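The structure appears below as structure tokens.
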Number of protein chains: 2
Amino acid sequence: MNIGEAAKAAGLPVKTIRYYEEIGLVRPARSENGYRVFAESDLHKLNFLGRSRALGFSIEDCRALLALYEDGTRSSSEVREIAERHLTDIEGKITDLQSLRDTLAHLVASCAGDERPDCPILDNLSGD
Amino acid sequence: MNIGEAAKAAGLPVKTIRYYEEIGLVRPARSENGYRVFAESDLHKLNFLGRSRALGFSIEDCRALLALYEDGTRSSSEVREIAERHLTDIEGKITDLQSLRDTLAHLVASCAGDERPDCPILDNLSGD
DNA sequence: CTTGACCCTCCAGTGACTGGAGGCTTTATG
DNA sequence: CATAAAGCCTCCAGTCACTGGAGGGTCAAG
């Protein structure tokens, strides 16, 4: 299976797959003409990577998760640790964004948004 | 005022201020020895930028906001538009992250996290 | 006079791709 | 059978907003 077909099957852009090979996440074989050849196991990995990235795991987390996936002797605690760290990270980001949102919402609400120059948003940004 | 002092006053790293000059957000004078010299108005701009960035505005948004701030004939609607777009953007990000968080939380909760290899997290990532 | 704290410029790296140039190979069509 | 389109290849540059470091000049204190 060539890269284009693999891309469709995995739901990833061709460029992304080449990139994943470059950083050693997948190692497809090569045919005589130099084209990458993807086996079922490669496809499986690409799907795994796509799902992990969609859950927001970093590339390095994905690399670790993939290694654990392929290691039959792993302990589930190692996986859970990575996921927990990521979860904590996301929760922190949510909190930060919510606080930003509240501030911004107040500012937007306080601004007339008409043709006059008076603007509480700018007042706030300039230090009141 | 030299860049170090300006950095302290504005609460920004020296490197960041140099970067802001490079991209034309501030234009401090120069003394004979080549050192940047920051006037009160420059400091004011740096503070404005720091606050805008802290609210998550992109550099280009900051540039636009700064221009509006310095334009006495602006209409507050222009400012409000930028802020509203940013607010919408943030709300979208919050929604996305919340959905990620929910999925991850479920996965983490379902994983024993012990020494055994069985792991619903990996099962999910590998496509069930 | 020297030490240390500043300051300068320029270059490279971050994360995770994405776009494009320039050039093969394969497949479909006239 | 020629050609054109599609698909593949590599390599380089750009994204965003900085950040780190090399290599070197300037200044105030002891």
Side-chain angles (χ1 to χ4, degrees), chain A residues 1-39 42 45-46 48-66 82 85-86 89-90 93 96-97 100, chain B residues 1-39 42 45-46 48-66 82 85-86 89-90 93 96-97 100:
Chain A
M1 184 186 287
N2 283 349
I3 198 172
E5 214 179 332
K8 252 174 228 154
L12 290 173
V14 166
K15 280 256 172 186
T16 298
I17 296 178
R18 289 206 191 98
Y19 173 68
Y20 286 173
E21 185 195 31
E22 194 189 321
I23 63 175
L25 286 179
V26 275
R27 302 183 194 283
R30 296 283 179 139
S31 67
E32 279 184 12
N33 60 15
Y35 286 17
R36 290 169 183 82
V37 181
F38 292 81
D42 295 315
K45 276 197 203 182
L46 289 176
F48 186 99
L49 290 169
R51 266 185 289 265
S52 308
R53 293 286 302 132
L55 282 178
F57 286 105
S58 72
I59 287 284
E60 287 318 307
D61 277 352
C62 290
R63 194 191 299 280
L65 289 170
L66 201 49
I82 294 175
R85 247 188 294 111
H86 183 44
D89 198 56
I90 285 175
K93 279 186 187 151
D96 290 353
L97 284 177
L100 277 193
Chain B
M1 183 186 287
N2 282 349
I3 198 170
E5 212 179 331
K8 251 173 231 155
L12 291 172
V14 166
K15 280 258 174 185
T16 298
I17 297 178
R18 288 205 191 99
Y19 172 68
Y20 285 173
E21 185 195 31
E22 194 189 321
I23 62 174
L25 286 180
V26 274
R27 303 183 193 282
R30 295 283 178 139
S31 67
E32 278 185 11
N33 60 14
Y35 286 17
R36 290 169 183 82
V37 180
F38 292 81
D42 295 314
K45 276 195 202 182
L46 289 176
F48 186 100
L49 289 169
R51 266 185 288 265
S52 309
R53 292 287 301 134
L55 281 179
F57 286 104
S58 73
I59 288 285
E60 288 317 308
D61 276 352
C62 290
R63 193 192 300 280
L65 289 170
L66 201 49
I82 294 175
R85 246 189 293 112
H86 183 42
D89 198 55
I90 285 176
K93 279 185 185 150
D96 291 352
L97 285 177
L100 278 193

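Just so it is clear: chains get the letters A, B, ... in the order the sequence lines come, proteins before strands, and each one is counted from 1. No experiment lies behind these values; they were computed from the predicted model shown.
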task = Let me know the distance between CG of L25(B) and C1' of dA17(D), rounded to the nearest Å.
result = 11 Å

message = Determine whether a donor-acceptor pair (N or O, by modelled atom type, separation under 3.5 Å) exists between the side chain of T16(A) and the backbone of L12(A).
response = no

task = Could you tell me whether a side-chain N or O of H86(A) sits under 3.5 Å from a main-chain N or O of S58(A), the two making a donor and an acceptor?
result = no

request  = Give the rounded distance in Å between these two atoms: CG of N2(A) and C1' of dA6(D).
outcome  = 12 Å

request  = Remember a base hit wins even if backbone is also touched, and classify Y20(B) as base, sugar-phosphate or nothing at under 4.0 Å, heavy atoms.
outcome  = sugar-phosphate

request  = Enumerate the residues from residues 30-39 of chain A whose closest heavy atom to DNA chain C is under 4.0 Å, giving them by residue number; use none for an empty result.
outcome  = N33(A), Y35(A)

request  = Side chain of T16(A) only, please: which of dA17(D), dT19(D), dC17(C) is the nearest?
outcome  = dC17(C)

query = Expressed in angstrom and rounded to an integer, what is the separation of R63(B) atom CZ from dA17(D) atom P?
reply = 10 Å

For atom CD1 of I23(A) and atom P of dG13(C), their distance in whole Å = 17 Å

request  = Of all the heavy-atom pairs spanning I17(A) and V26(A), show the shortest one and how long it is.
outcome  = O-CG2, 4.3 Å

ask   = Would a distance-only check, ignoring hydrogens and angles, find a side-chain to backbone donor-acceptor pair under 3.5 Å from N33(A) to Y35(A)?
value = yes

query = What integer distance in Å separates Y19(B):OH from dT14(C):P?
reply = 17 Å

inquiry  = Holding to side chain to side chain donor-acceptor pair (under 3.5 Å), I want the full list of residues that pass it with R36(B), two or more places apart in sequence or in another chain.
reply    = E21(B)

query = Between dC6(C) atom P and M1(B) atom CE, what is the distance in whole Å?
reply = 15 Å

ask   = Side chain of R53(A), backbone of F57(A): donor and acceptor closer than 3.5 Å?
value = yes

key: Phosphate OP1/OP2 of dC18(D): any R53(B) side-chain N/O under 4.0 Å   = yes

request  = Determine the contact category for I3(B): base if any of its heavy atoms lies under 4.0 Å from a base atom, sugar-phosphate if only primed atoms, P, OP1 or OP2 are that close, otherwise nothing.
outcome  = sugar-phosphate

message = In this structure, how many angstroms lie between the P atom of dC18(D) and the CG atom of L46(B), rounded?
response = 12 Å

note = From NZ of K8(B) across to C1' of dC6(C) the rounded distance in Å is 10 Å

request  = Output the single nucleotide from dG19(C), dA17(D), dA16(C) whose closest atom is nearest the side chain of K15(A).
outcome  = dG19(C)

query = Between E21(A) and F57(B), who's closer to the 5' end of DNA chain D by nearest nucleotide?
reply = E21(A)

ask   = Do you know which two heavy atoms are closest between L46(A) and A6(A), and how far apart they sit?
value = CD1-CB, 4.4 Å

